[in-house]
There are 4 protein chains.
Amino acid sequence: MTGIAAKTGRPRSEQSRTAILHAVDDLLAEVGYKAVTFKGIAERAGVSRQTVYRWWDTKAEILLEASAVDARAELAIIPTGDRVTDLTAYLAALTRFLTDSDAGAGYRALLGEAQHDEAVAALLHGTDIIGDSAAAILAVALPPETIEGTVPQAVAELVGPTFFRILNGHDPEELDHRAATLRFLARHNA
Amino acid sequence: MTGIAAKTGRPRSEQSRTAILHAVDDLLAEVGYKAVTFKGIAERAGVSRQTVYRWWDTKAEILLEASAVDARAELAIIPTGDRVTDLTAYLAALTRFLTDSDAGAGYRALLGEAQHDEAVAALLHGTDIIGDSAAAILAVALPPETIEGTVPQAVAELVGPTFFRILNGHDPEELDHRAATLRFLARHNA
Amino acid sequence: MTGIAAKTGRPRSEQSRTAILHAVDDLLAEVGYKAVTFKGIAERAGVSRQTVYRWWDTKAEILLEASAVDARAELAIIPTGDRVTDLTAYLAALTRFLTDSDAGAGYRALLGEAQHDEAVAALLHGTDIIGDSAAAILAVALPPETIEGTVPQAVAELVGPTFFRILNGHDPEELDHRAATLRFLARHNA
Amino acid sequence: MTGIAAKTGRPRSEQSRTAILHAVDDLLAEVGYKAVTFKGIAERAGVSRQTVYRWWDTKAEILLEASAVDARAELAIIPTGDRVTDLTAYLAALTRFLTDSDAGAGYRALLGEAQHDEAVAALLHGTDIIGDSAAAILAVALPPETIEGTVPQAVAELVGPTFFRILNGHDPEELDHRAATLRFLARHNA
DNA sequence: CAATAACCGAGACGGTACGTCACGTCTTAGC
DNA sequence: GCTAAGACGTGACGTACCGTCTCGGTTATTG
């Protein structure tokens, strides 16, 4: 768990904090998740290793803090009022997020770690970035009664196919987001 | 890449090979993927470290070799001829595989690594255990013309929702495989 | 070359340093030079391997640091004023040093390595333990003008015969240090 | 100890034997004693490692066999009848042997190993290349009665100073073999 | 306005796994 | 029965990062 600021004494250096978060972002993009180490982060940020350890327990926590804001922004769609357009745009945004974005790379790394690291899984629990964003777009795109009581299910059916194909290494170019949207709506509309 | 047996000299020890694969299986279940090391595998298998390095370059390769056979077996459904029954059984098997099975834990660990390790991603490319098993059950459950030309898509729509929910840590108890099957068929049947 | 203490950060542990030097001494006497390894030194000293590597590059450097002080002490003769007595005592001390002493075993091992290891030769260059001690005793035993300008030569003629016989495995019991001293003086006296 | 040829079966390959000895010579000159390994010798000689192990127990034995003949040749002086000339020539040959010659490098490496390896010391015992050659030249250069009963001593006084200086890394250019010869003779002549 | 308390950098510490190398032994097939 | 080939167990190599610790030095708040 992240360290807690004391009430007295020298205050935490905001400069060090942001330097560390930026260093993690940079390192993730440059050398990949596996090569992101506490040692490397500290050196890149121009900060002592102890300072990193003082405020974060795992590199997953740093990575989450470093990429969560960007991730939410990239998955937020401005609704147009047309459900086909909105859902199609969302699936396109999701695909870009998972394949091209730095924040998405962080998310995939964390999700990957969570598959075999209970601590990371616990950290991610209640931080369902994709699920939250999908629920948000569904709430404006569909009439409330349509998915009442089955939001997790509807979310899974919306994003699941895309999610599965990308995580299994399929070519994202092959995805037809509009067709997927229409098939999704075919079930929940009429 | 895995070493290649020479035509001359002392032949490879089959005993060592199976001891290593079993050791990986055991260690994965006992200490988790992160704590599986070449050193640990060798000691557990009663084999020299060099012998492990000689035949495999990464622990991902060993794990894949150790769990692929079991994985395929666990995802193979004996068709009854009733498509609802068969697809429902498949989704149940997939859920068990991903949540309870040792082979499934290996698969999830590999898939997780693949998200941030290009080498593992390459290794898994063309080894789509879930996709292959889903395609197989679809081939016997649906009339060929129904999914002609859209097999990857149909596969993704069948397994994607379940896959997404489990990998994101949702409770597998909440999944209703029969309902999911009916919704899937609703699109491809009539 | 030996590491250099930094001006900042945690200071070097003197306890570790002396533990390492003693461990080398002990190991050299117990298992011999060839079996002295960084790993063994670290374990014997109760120190991490990295700590040994941090401060020394080769085991020759550790050995030199561990035995140089003892070596000088064992080869230092307190002059009596009688040149025959002093030089005879020196040759006896040299013989004991080369055959019985732990420090002498270290010296012989280093000299041996220097014959086929350029790095060790360079390390020993300017650390002529025998030559220095011989020059010191000659300086007090002979009138300065006698060996003026030919010190290295005189040193070599004093210690060379003994040195040659011992390094070639001859029995040190056969050596007559008094007779050797008299023959040496016969040339430089009258 | 070297292996012993059997009376029956396939005879030992002379081709392999000489290939190994030449490989040792070459490797010693190219990469130095420390880097001479059984593995390296076998690969260089185009021979299996087992073949090397079958016939020699240690690399010291191979090296000795490979360089002893050359060593003796390089230290053999053709006497002219003039003792000053002969002994001076011998000391010059000894210096060249110890500093420039391949065989001499082998000798120095073996002598070095013998200082901290009992097995090598035992191997060299009774193979006193320098001592034998020095005794030979003394036998023809001095009247027999001069050194009667004190050959080892005379040998040590002849070669010891030169031996000491070279093994301790002194510059061989500084040696004046003629002057050393004259000082040596001054004691044993008149 | 000092004392205190927590921060910060630097870097050494004991660990542990890494991937490589050479060791000496063994087990094949071929000559 | 020698030979080439090469796998085997063993163990040291030198490196990297782990998480902890001990320094000297730097800010803020508090008495």
Side-chain angles (χ1 to χ4, degrees), chain A residues 3 5-13 15-16 35-43 46-55 57-59, chain B residues 3 5-13 15-17 35-43 46-55 57-59, chain C residues 3 5-13 15-17 35-43 45-55 57-59, chain D residues 3 5-13 15-16 35-43 45-55 57-59:
Chain A
K7 290 151 195 171
T8 172
R10 178 176 178 174
R12 176 175 183 184
S13 163
Q15 181 180 329
S16 290
V36 175
T37 65
F38 273 77
K39 188 171 186 288
I41 294 168
E43 285 171 0
V47 144
S48 88
R49 262 192 311 151
Q50 190 59 40
T51 297
V52 187
Y53 279 112
R54 202 189 325 271
W55 299 108
D57 285 344
T58 63
K59 65 176 177 176
Chain B
K7 291 147 195 173
T8 173
R10 181 175 177 173
R12 176 173 183 183
S13 164
Q15 181 178 330
S16 291
R17 182 180 158 272
V36 174
T37 64
F38 273 75
K39 187 172 189 287
I41 293 167
E43 287 171 359
V47 144
S48 87
R49 220 143 46 92
Q50 190 59 40
T51 296
V52 187
Y53 281 112
R54 201 190 324 273
W55 298 108
D57 285 344
T58 64
K59 64 177 177 175
Chain C
K7 290 146 194 171
T8 172
R10 181 175 177 172
R12 177 174 183 183
S13 164
Q15 181 179 328
S16 290
R17 181 181 159 273
V36 174
T37 65
F38 273 74
K39 187 171 189 285
I41 294 167
E43 287 171 0
V47 142
S48 88
R49 220 142 47 93
Q50 188 60 39
T51 296
V52 188
Y53 281 113
R54 200 187 329 269
W55 298 108
D57 284 345
T58 63
K59 65 177 177 176
Chain D
K7 289 151 195 171
T8 168
R10 179 173 175 174
R12 176 174 183 183
S13 163
Q15 180 179 329
S16 291
V36 174
T37 65
F38 274 77
K39 189 171 186 286
I41 294 167
E43 287 170 0
V47 145
S48 88
R49 265 196 303 153
Q50 191 58 39
T51 297
V52 187
Y53 280 113
R54 201 187 325 271
W55 298 108
D57 285 345
T58 63
K59 64 176 177 176

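For the numbers below, each heavy atom of this structure counts, side chains included, while hydrogens, waters and symmetry mates do not. Quick note on labels: first sequence line is chain A, next is B, and so on, each numbered from 1.
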Q: Go through E/dC13, E/dG9, F/dC2 for me and flag the one nearest to the C/Ser16 side chain.
A: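 Of all the options, the side chain of C/Ser16 is nearest to E/dC13.
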Q: Could you tell me if C/Arg17 sits above the aromatic ring of C/Trp55, with its cationic atom closer than 6.0 Å to the ring centre and no more than 45 degrees from the axis?
A: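 No, a cation-pi geometry is absent between C/Arg17 and C/Trp55.
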Q: Measure CZ/B/Arg12 against C1'/E/dC26 and give the value in whole Å, please.
A: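 Value for this atom pair: 17 Å.
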Q: Nearest 0.5 angstrom please: D/Thr58 OG1 to D/Tyr53 OH, how far?
A: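 Interatomic distance, D/Thr58 OG1 to D/Tyr53 OH, rounded to 0.5 Å: 11.0 Å.
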Q: Let me have a per-nucleotide readout for nucleotides 23-31 of chain F, 5' to 3', with B, S or -, counting only protein heavy atoms under 4.0 Å.
A: --BBBS---
Q: If you find the nucleotide of DNA chain E closest to D/Ala35 and the one closest to A/Ser48, which residue's nucleotide is nearer the 5' end?
A: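 So the residue in question is A/Ser48.
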Q: When rounded to the nearest 0.5 angstrom, what is the spacing between OG1 in C/Thr37 and CD in C/Glu43?
A: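 If I round to the nearest 0.5 Å, the distance is 7.5 Å.
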Q: Can you give me the N/O atom pairs linking the protein to nucleotides 18-20 of chain E at distances under 3.5 Å, or say none if there are none?
A:
residue	atom	partner	partner atom	Å
E/dC18	OP1	B/Phe38	N	2.9
E/dC18	OP2	B/Phe38	N	3.3
E/dC18	OP2	B/Lys39	N	2.8
E/dG19	OP2	B/Tyr53	OH	3.1
E/dG19	N7	B/Arg49	NH1	3.1
E/dG19	O6	B/Arg49	NH2	2.9

Q: Please compare B/Gly46 and D/Thr51 by the position of their nearest nucleotide in DNA chain F and report the one closer to 5'.
A: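 Result of the comparison: D/Thr51.
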Q: For A/Val52 and A/Phe38, work out which heavy atoms get closest and say how close.
A: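 Reported closest heavy-atom pair: CG1-CD2, 3.6 Å.
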Q: Please give, in whole Å, the distance from E/dC31 P to D/Gln15 CD?
A: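 Value for this atom pair: 16 Å.
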Q: Could you state the CZ-C1' distance from A/Arg54 to F/dT20, rounded to the nearest angstrom?
A: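 Those two atoms, CZ and C1', are 12 Å apart.
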Q: Within this structure, what is the CZ-to-C1' distance between B/Arg17 and F/dG9, rounded to whole angstrom?
A: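 Rounding to the nearest Å, CZ of B/Arg17 and C1' of F/dG9 are 20 Å apart.
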Q: E/dC8, E/dG9, F/dC8: which one has an atom nearest the side-chain heavy atoms of A/Ser13?
A: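 Taking heavy atoms from C-beta onward, the closest nucleotide is E/dC8.
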Q: Is the phosphate of F/dG6, meaning OP1 or OP2, less than 4.0 Å from a side-chain N or O of B/Trp55?
A: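 Negative; the distance criterion is not met.
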